[in-house]
Amino acid sequence: EGAYLCSKGSFRIDIDNDNDHTDRAFIVSSNNAASDLLTITETGAATFTGDVTATGGTIKIDSSGSAEYIVDRGNDTSGGVYEYHTAGTIKWFHGLRGVSSDDFFLFNYGTGANALHIESSNSKANFAGNIGVGAATTNHTISVPDYTGDNYFNGDRGNIEIKASS
């Protein structure tokens, strides 16, 4: 049962090779054409039904003009995220979590908590930990040292400390 195509050289499928239509497509279907699995139009647009897995190292969107990556979730209780894995284990994700809001999240699976939460209603950013701007580490809620370390701004629990070199 079954059939396959094979070639010891190149293999080409040419859609509308006489170029007299604009609505032709290459379609892979199942169940006697009841379900389209893959459609590639004459323009090169491709539509896949189901998951797409790429085992190579790079997925590239290259355009001479604007390029977009679009995640369109069905509702605000569904997630729309981009995940980062190491050896198959999720480490981080960012996007819309699916928690009945349009807020944006950067989630750390290592801590099981949001590292950053940006509210959609007012763009307020909520950070989970201390913020060091230009500082390798900080024990302050917010720390902004200058490049020499002589001048700095630190803020903790309502207290602000500013030091300037003399």
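Numbers here simply count residues along the sequence, with the first being 1.
In the hydrophobic clustering of ILVMFWY residues, with side-chain heavy atoms under 4.5 Å counting as a link, Y84 and L116 come out together. L5 and I15 end up in the same hydrophobic cluster when Ile, Leu, Val, Met, Phe, Trp and Tyr side chains are linked at under 4.5 Å. Cluster membership for L38 and I27, using ILVMFWY side-chain heavy atoms within less than 4.5 angstrom, is not shared.
Applying the salt bridge (Lys or Arg N to Asp or Glu O under 4.0 Å) rule to pairs touching residues 7-21 yields nothing, sequence neighbours excluded. For residues 11-48, the set of pairs meeting the ring pair (Phe, Tyr, Trp, His ring centres under 6.0 Å) definition, not counting sequence neighbours, is empty. Residue pairs satisfying the salt bridge (Lys or Arg N to Asp or Glu O under 4.0 Å) criterion with at least one member in residues 48-67, sequence neighbours excluded, are listed as follows: K60-D62.
Once rounded to the nearest 0.5 Å, the distance linking NE2 of H94 with CG of N108 reads 14.5 Å. For the atom pair CD1 (I13) and CD1 (I40), the distance works out to 8.0 Å, reported to the nearest 0.5 Å. Interatomic distance, CZ of F127 versus CG of L106, reported as 9.5 Å (0.5 Å rounding).
The other members of the hydrophobic cluster of F93, by chain and number, are V81, I90, F107, Y109 (side-chain heavy atoms under 4.5 Å, ILVMFWY only). Here L96 sits alone; no ILVMFWY side chain lies under 4.5 Å from its own, so it joins no hydrophobic cluster.
The minimum heavy-atom distance linking R24 with E42 is given by the pair N-OE2, 2.9 Å. Minimum heavy-atom separation, S29 to D36: CB-OD1, 3.8 Å. Of all non-hydrogen atoms in S63 and A67, the two that sit nearest each other are CB-CB, 4.0 Å. The shortest heavy-atom contact between K124 and N122 is N-OD1, 2.9 Å.
With sequence neighbours excluded, the residues that form a side chain to side chain donor-acceptor pair (under 3.5 Å) with S78 are N75. With sequence neighbours excluded, the residues satisfying side-chain contact (heavy atoms from CB on, under 4.5 Å) with N31 are A34, S35. With sequence neighbours left out, the side-chain contact (heavy atoms from CB on, under 4.5 Å) criterion links V71 to Y69. For S66, there are no side chain to side chain donor-acceptor pair (under 3.5 Å) partners at least two apart in sequence or on another chain. Legend: residues meeting side chain to side chain donor-acceptor pair (under 3.5 Å) with Y82, ordered by chain and number and at least two apart, are absent. For E83, the side chain to side chain donor-acceptor pair (under 3.5 Å) test picks out H85, with sequence neighbours left out. Scanning for salt bridge (Lys or Arg N to Asp or Glu O under 4.0 Å) contacts around R73 gives D102, with sequence neighbours left out.
Within the 3.5 Å criterion, the main-chain N or O of T47 finds no donor-acceptor partner in the side chain of T39.
Between the side chains of D103 and S120, at least one donor-acceptor pair of N or O atoms lies under 3.5 Å.
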